[in-house]
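These notes are about the structure you will find just below.
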Amino acid sequence: MRGEREALLRINNLSARFGGVRALDSVTCKINTGEICGLIGPNGAGKTTLFNCITRLYAIADGEISFAGQRIDVLPARQIISLGIARTFQNLGIYPGMTVMENVALGAHHSHGGGFFQTVTRPWKSDAREREMVAWCRSIMCRVDLDRFEEERAGNLPYGTLKRVEIARARRKAAAAPAR
């Protein structure tokens with residue numbers, strides 16, 4: 001159909017169970033590229049369970065989850081993260097004694113590679129990777145309006161700002177688009 005966008009996230013007949021309790025029952029929805037969506041409902045409706053299934057924190061009983069045309073319900077959680085899918089939690093996981101930049105960089109280390117052996121044997125590559133990561137973190141902080149807090153200790157900031165720090169930290173370097 002003309003004007004219809006490709007679904008970025010597609011959930012088909014998703015069910016999740018905990019023992020005999022059916023937490024999700026045949027949930028179907030899609031989010032198109034460029035859309036911003038909200039999920040609302042009463043306590044116990046399954047909102048958190050749905051997010052936990054998408055991020056593979058919970059196993060699904062039935063159904064499929066696809067992201068950018070690729071099935072992700074069959075992938076381990078670590079691969080979900082590398083696709084750029086992450087979540088934050090209601091309880092903040094911020095390190096109050098660290099700066100905003102240091103908190104955001106904790107999340108970025110996952111997607112910027114490197115390791116102890118490479119750092120010791122090729123320190124110049126490690127330095128270049130670190131500079132690239134800091135630049136990437138700054139671009140993310142700018143996108144969520146945190147750039148002015150870069151050197152501020154996280155413990156000095158209000159809850160709403162700390163929530164944006166968590167969102168920035170959850171961002172991952174974009175994976176290459178799947179071949180079509």
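Because the structure is predicted, anything quoted here is derived from the model rather than measured. This chain uses plain numbering: 1 for the first residue, then up along the sequence.
Under the side chain to side chain donor-acceptor pair (under 3.5 Å) criterion, N12 pairs with no residue, sequence neighbours left out. Under the ring-ring contact (aromatic ring centres under 6.0 Å, His included) criterion, Y58 pairs with F18, not counting sequence neighbours. By the side chain to side chain donor-acceptor pair (under 3.5 Å) test, E152 pairs with N156, sequence neighbours left out.
Here the CZ atom belonging to F51 is positioned 9.5 Å from the OG1 atom belonging to T55, to the nearest 0.5 angstrom. One finds the NZ atom of K163 at 12.5 Å from the OG1 atom of T161 (value rounded to the nearest 0.5 Å). Note that OG1 of T49 is 11.0 Å distant from CG of L57, once rounded to the nearest 0.5 Å. To the nearest 0.5 angstrom, N103 atom CG is 9.0 Å from E166 atom CD. Distance CD1/I31 to SG/C37: 4.5 Å, rounded to 0.5 Å.
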| task | In sequence, state the C-alpha distance, the side-chain angles, and the governing distance for V134 and R131, and then conclude on side chain to side chain contact (heavy atoms under 4.5 Å, CB included). | result | CA-CA 5 Å; V134 167; R131 284 190 300 276; 5.8 Å; no
| task | Report the C-alpha distance between D62 and R17 in whole Å, list the side-chain angles of each, state the deciding distance to 0.1 Å, and finish with yes or no for salt bridge (charged side-chain N to carboxylate O under 4.0 Å, His left out). | result | CA-CA 9 Å; D62 296 301; R17 295 182 189 89; 3.2 Å; yes
| task | Apply side chain to side chain contact (heavy atoms under 4.5 Å, CB included) to I11 and L50, showing your working. | result | CA-CA 10 Å; I11 299 167; L50 179 61; 3.9 Å; yes
| request: Just do the side chain to side chain contact (heavy atoms under 4.5 Å, CB included) check on S66 and L9 with the steps written out, would you? | output: CA-CA 6 Å; S66 297; L9 179 67; over 6 Å; no
| request: Begin from the C-alpha positions of Y95 and L106 and carry the test side chain to side chain contact (heavy atoms under 4.5 Å, CB included) through to its verdict. | output: CA-CA 10 Å; Y95 293 92; L106 284 174; 3.5 Å; yes
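Between L14 and C53, the shortest heavy-atom contact is CD2-CB, 4.1 Å. The two residues L75 and I80 come nearest to each other via the heavy atoms CB-CD1, 4.0 Å. When all heavy atoms of I94 and L162 are compared, the closest pair comes out as CD1-O, 3.9 Å. Q70 and L83 make their closest contact through OE1-CD2, 3.9 Å (heavy atoms, listed as atom of the first residue, atom of the second, distance). Here the closest heavy-atom approach between residue V104 and residue A168 is recorded as CG2-CB, 3.8 Å.
Y159 and V165 fall within a single hydrophobic cluster, where Ile, Leu, Val, Met, Phe, Trp and Tyr are joined by side-chain heavy atoms under 4.5 Å apart, directly or via other members. Under the 4.5 Å side-chain contact rule for hydrophobic residues, I81 and V74 do not share a cluster.
Atom CZ of R143 is surrounded by 12 or fewer heavy atoms from other residues, nucleotides or ligands within 6.0 Å.
The backbone N or O of P76 lies less than 3.5 Å from no partner atom in the side chain of R56, so there is not a single donor-acceptor pair. Under a 3.5 Å cut-off, the side chain of E64 and the backbone N or O of D73 do not form any donor-acceptor pair. No side-chain donor-acceptor contact under 3.5 Å links E150 to the backbone of D147. A distance-only check finds no donor-acceptor pair linking the side chain of R10 to the backbone of I65 [under 3.5 Å]. Checked by atom type and distance alone, the side chain of T28 pairs as donor or acceptor with a backbone atom of N13 at under 3.5 Å. At distances below 3.5 Å, at least one donor-acceptor pair connects side-chain atoms of K47 with backbone N or O atoms of G41.
Among M101, R169, E132, the one residue that satisfies the side chain to side chain contact (heavy atoms under 4.5 Å, CB included) test with C137 is M101.
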